[in-house]
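Residue numbers begin at 1 in each chain, while the letters A, B, ... track the order of the sequences.
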Amino acid sequence: MLSLKNISKYYQAGGNKTYVLNNVSLDVDAGEFVSIMGPSGSGKSTLLNIIGMLDEPSEGYHYFMKEAVHQLKEKARSALYKEYIGFVFQAYHLIDELTVYENIETPLIYQNIKSSERKALVADMLDRFQIVGKKDLFPAQLSGGQQQLVGIARALITKPRVILADEPTGNLNSKQGEEIMELFRKLNKEDKVTIIQVTHSEKNAEYGTRIINVLDGKIDSSRNV
Amino acid sequence: MTFLNVKLAIRNLSRNKLYTFINISGLSIACAFCILTYWYVKNEQSFDAFHHDQNRLFRIEQTNLFNPEPVKKEKSFFSFLTKEDEQKNLIQTPVILAGDLKGSFPQVENAVRIKTLSDIVIRVDNESFREKDGTAAYADADFFKVFNYPLLSGNVNQVLSGKNQIVITERAAKKYYGYSSPIGRRLEFPNDKMIFTIAGIAKDFPSNSSFQFDIIIPRTADPDYNEYIKQGTNTFSDLLIVKLKHGVDVNKFHTALNLFGQSYYQKLVKSMRQDNPKLKQQGIDIYMRPFAEAHYNQGEGWGHYTSLKNVYQFICLSVIILIIASLNYILLTLTSTISRSQDVGVRKTIGANRKEIILQYYAETQILAAIAVFAGLVLSVTCLPLFNNLTGSDIHLQNIAPDELVLSLIGLAFMLGIIAGIYPAMAMSGLKPLNIMRGFATYRINPVMSKVLVIMQFTICVVLIITTLVIGKQMKFVNTAQMGFDKDQVVLIRNPYGWADRQKIRSLKELLYHYVATEPVLQNITATGFNFSAYNNNGHIVNGKQIFVQELQVDFNYLSFNKIPIIKGRNFSSATPADSAKIKLSATQQIPKSSTVGRAIIINETLYNMLGKPKMDEINPEMGALIIGVCKDYHTDDLTKKIGPAYHRISTYAPDYFWIKIKAGKNIPDAMDKIRINWNKLTGNSPFTYTFMDEDVKKSYDVYLRWMDTISLSCVIAILISCLGLFGLSAITTINRMKEIGIRKILGASVTNLFVLINRSTFALALCAFVIATPIALYLVNEWLDNFAYRIKVDWSLFAWAGIATTITAVIAVSYHTIKAAITNPVKSLRNE
């Protein structure tokens, strides 16, 4: 499904290059649930951003759904990620001015989906996440776990093939974290959504089907669970 | 999508109440200014545009060969735009021209002559009224047919047909008779010995009419009418409006008219050239100016003059203020990107493209702009009386078509939305989604850009402040300047009788002189044939060059009354009969083509020097007069004009003005009451028209004072808006630097340190703006000061004050937030991270 070949990301600092990612290669197949682990500053978030096409590598080849991403122009790249990828953030990044309902609905508006269809899709999603009662609340009125739930619902509404999650449970307590992880596992198993998450927690990483350890900009180890 | 944008924009605006308030108040003040300017322009444009067939009405003008002095052009930036309009043609025509045009050109459907009256005194029953010059006019019988001034009673075809039938307006009817339809009643012009019957009542002329007559008299009723006819083309007295027939080619007709003019005035030009060989013009051209556009021209004797320069200046000021307010908005929007960058980033990752984000932000600005325009409308309606006062215009909202108003407001809203909205929308939408992945790190869009914007704002403010200070100082200078004569406590009373009643005036003068001598609150009296900046000019040839010399007709005690010192020779004396007697001049005692005075005169220093310091008590051939003394120079005009050559002679005509000096320290209203009671006794209730000399002097600066008020007001508005902007800006920058402030505080920075740290850039920007503004302001104020012959020097202290004022206001504006941030407990600001 996606493939990184000899990807490097560095910053020019004086005469030296400071490598954030150094010659990383990685393949992810459809249906996998990959957990990326590593200490702070090891480059795992940068890796995830490159996979999500939000950041560009300095060198290397990047294929996604058989497209050569490194050759695409920015417009085509964003079209690509808009179609296939859903993002979940540690800080939820809900839009404060929108209600729960509107937050979930927004991606559909950007895809020019008709109002009646949008209603049905959002209603389904609210149902599925059991947040129908909260649909008119604003993000500030929700707990962290609930906000993340909305964040995931919003990521899923466009039926993406891949979900990229950057420490999705980092701001949550352990119980809320567990619920989110269960949800991810269910999505992966039942809906066949490919999931790539970055996490600090050993326990959360275990939910995945593969665990990749990143250290100093390199893939240190990769093991199947 | 659009609906959602609107909903979102409203939510956003109500969330950030402070910024919304700052933005709306700034923009709405600017809008109000724009709307008022728009009304002002519309009102000026609407002048004389309400007549039927006004595209067929033209004012007839001729080349001006008679204007003795070359017109001193007022200097301004817009001179290049107003060239045509400052051209002063002669707009008075010979009485016979109207008939001759009608006879010679079948294209002319009608021609109406109008001659306004001056020195108007009206008597109704036993009451008499003095009316302003120009409130009554002689006009041809078709006046009400050609012009659209509706009659309330009377028949259009008949009201002016009889020689002693007149039409008055409703306003005049109420004033003279107390009710609105005094048809058939008598109205008298005692000084001209004319008696009329009211034959019709006209609706009051609208405020946007150049003609503001209250009394319209048949042209032929003028006692001098036959004399004018006899004079033929030698006299220019009447305004002439022609109405062309349908379908006449104006350009062709104009050419024909010019040709006609060359032969028509041939005799006159020939004799003028004989009199004055220096005259360059070969003939007199006839021009036609569309009637509705005539008010844009400075022709002397026309009822209303729209100074296009003023119009342009107003438009300029309102655009500047609009720009300042838009800059505010742009600045605030750009700087408040902390929460916004997240918003844009999220939207982009969930599928928004750039266009959609631009639309969303633009919608927000557009809604804000619409609210501001509405608030501005309310504000401008409230401020309309103030504005009328300021501009000296008379704007009525009912004169402005509502559909046009709504359309222009919508236009303004969109213009504002685009000026203020496009740039922030573009800049915000350009944010990369990755920015949000870095968490809450503060992110500022292009700080260079916002610095440029702040400098622009500051620069405009500094320029306005310097201009205001300089104008204020100059106006103070002219108001406190020594005029060279004692202008305080002097009241000028207008002679109430007509020219012909010389005997009556002389006996009134005797009686008044006697009265002043016996009245303890009054000090002195004199009489003159002129008033402040209203005197005769006579052409004399001095050293082979023609110059114009002021002729000041005075009474014996004039110079001592005004405390004007004699520096050579002697003063007039009533004991010396020769001082007022006519002198017979021999051929050697006069210069050909030069005027001769033929009397004893006292000249001023300027003339004394021009004549090459002639000996006293000798006949001077250039003046054709006996010079008996020289007085010190004093101002007979306001300070925009240089003191010119002038001479005084004893008045042999009846005086036009009585000058009475009230003793120092006496109560002026009481003294005026005493004078009035006595006046009524002496004159049998003739009009008591008076002005105070010091007020006359002040009034001559009205145009400049008005301009000063306008500039000061714009200055205050600009500063107010800029301060609002700075206030908001400082709020955002301090929030942006909360963490830095917290860390510095933990490291031991004091509140003062922090205050300086945060505001250092504000000072730097203010300084930068000051440097840019100084030369611009210097240029502008020097241009303006060139209007005055006597002017202040622009010194550096003014600039220093402007700089200090700008900096202080800026510091006050930024202080609130920076001090608040500086004293906040650092733990609080760091915990948020």
Side-chain angles (χ1 to χ4, degrees), chain A residues 9 45-50 52-56 74-75 77-99 101-115 118 138-140 151 153-158 160 164 166-167 170-171 198, chain B residues 1-17 19-20 333 336-361 363-364 367-368 428-443 735 831-833:
Chain A
K9 174 85 181 173
S45 286
T46 308
L47 181 61
L48 193 74
N49 288 341
I50 287 175
M53 296 172 236
L54 297 175
D55 204 352
E56 281 177 75
E74 171 148 6
K75 228 177 185 166
R77 265 207 324 266
S78 59
L80 198 61
Y81 78 67
K82 276 172 198 168
E83 192 176 347
Y84 295 111
I85 302 176
F87 294 91
V88 174
F89 309 100
Q90 174 180 11
Y92 331 126
H93 287 321
L94 299 178
I95 297 173
D96 293 338
E97 290 80 18
L98 300 182
T99 62
Y101 182 96
E102 289 162 341
N103 259 296
I104 299 172
E105 185 193 25
T106 309
L108 297 175
I109 296 173
Y110 290 136
Q111 293 195 348
N112 294 325
I113 289 167
K114 269 188 288 176
S115 162
R118 287 204 305 263
F138 286 95
R154 185 181 65 183
L156 286 173
I157 191 85
T158 54
L164 299 181
D166 193 354
E167 303 211 29
N171 284 9
V198 164
Chain B
M1 189 74 209
T2 327
F3 171 72
L4 278 172
N5 277 336
V6 171
K7 188 167 78 174
L8 195 63
I10 289 170
R11 257 188 225 162
N12 239 323
L13 293 176
S14 54
R15 181 174 296 248
N16 301 317
K17 286 203 180 64
Y19 302 125
T20 308
T333 319
S336 67
T337 42
I338 337 138
S339 59
R340 289 318 184 74
S341 62
Q342 185 197 349
D343 184 90
V344 174
V346 175
R347 279 173 191 280
K348 282 204 162 174
T349 52
I350 60 177
N353 60 32
R354 192 160 181 192
K355 202 180 93 205
E356 283 157 331
I357 290 175
I358 289 178
L359 252 167
Q360 187 206 323
Y361 280 91
E364 199 175 311
I367 287 172
L368 197 85
M428 302 284 259
S429 64
L431 286 175
K432 292 260 165 62
L434 187 62
N435 291 317
I436 64 156
M437 311 305 261
R438 303 229 160 98
F440 287 102
T442 55
Y443 179 78
I735 292 169
R831 193 170 46 205
N832 286 341
E833 284 295 314

> Is it true that a side-chain atom of A/Lys82 and a backbone atom of B/Ile350 form a donor plus acceptor pair closer than 3.5 Å?
Replying inline: no
>> Just verifying a value: how many Å separate A/His93 NE2 and B/Arg347 CZ, rounded to the nearest 0.5 Å?
In response: 14.0 Å
> Rounded to the nearest 0.5 Å, how far apart are OH of A/Tyr81 and NZ of B/Lys348?
Replying inline: 7.5 Å
>> Checking A/Thr158 now: which residues fulfil side-chain hydrogen bond (donor to acceptor under 3.5 Å, both in side chains) with it, not counting sequence neighbours?
In response: none
> chain B heavy atoms under 4.5 Å from A/Phe138: which part of the residue, side chain, backbone, both or neither?
Replying inline: side chain
>> Looking only at heavy atoms and a cut-off of under 4.5 Å, which of A/Leu98, A/Ile85, A/Ile157, A/Leu94 has the most pairs with chain B?
In response: A/Leu98
> Heavy atoms, side chains only, cut-off 4.5 Å: are A/Phe89 and B/Thr349 in contact?
Replying inline: yes
> What distance do A/Thr106 atom OG1 and B/Glu356 atom CD have between them, rounded to the nearest 0.5 Å?
Replying inline: 11.0 Å
> Side chain, backbone, both or neither: which part of A/Leu48 has an atom under 4.5 Å from a heavy atom of chain B?
Replying inline: neither
> Passes side-chain contact (heavy atoms from CB on, under 4.5 Å), A/Glu102 versus B/Arg11? Steps please.
Replying inline: CA-CA 13 Å; A/Glu102 289 162 341; B/Arg11 257 188 225 162; 2.6 Å; yes
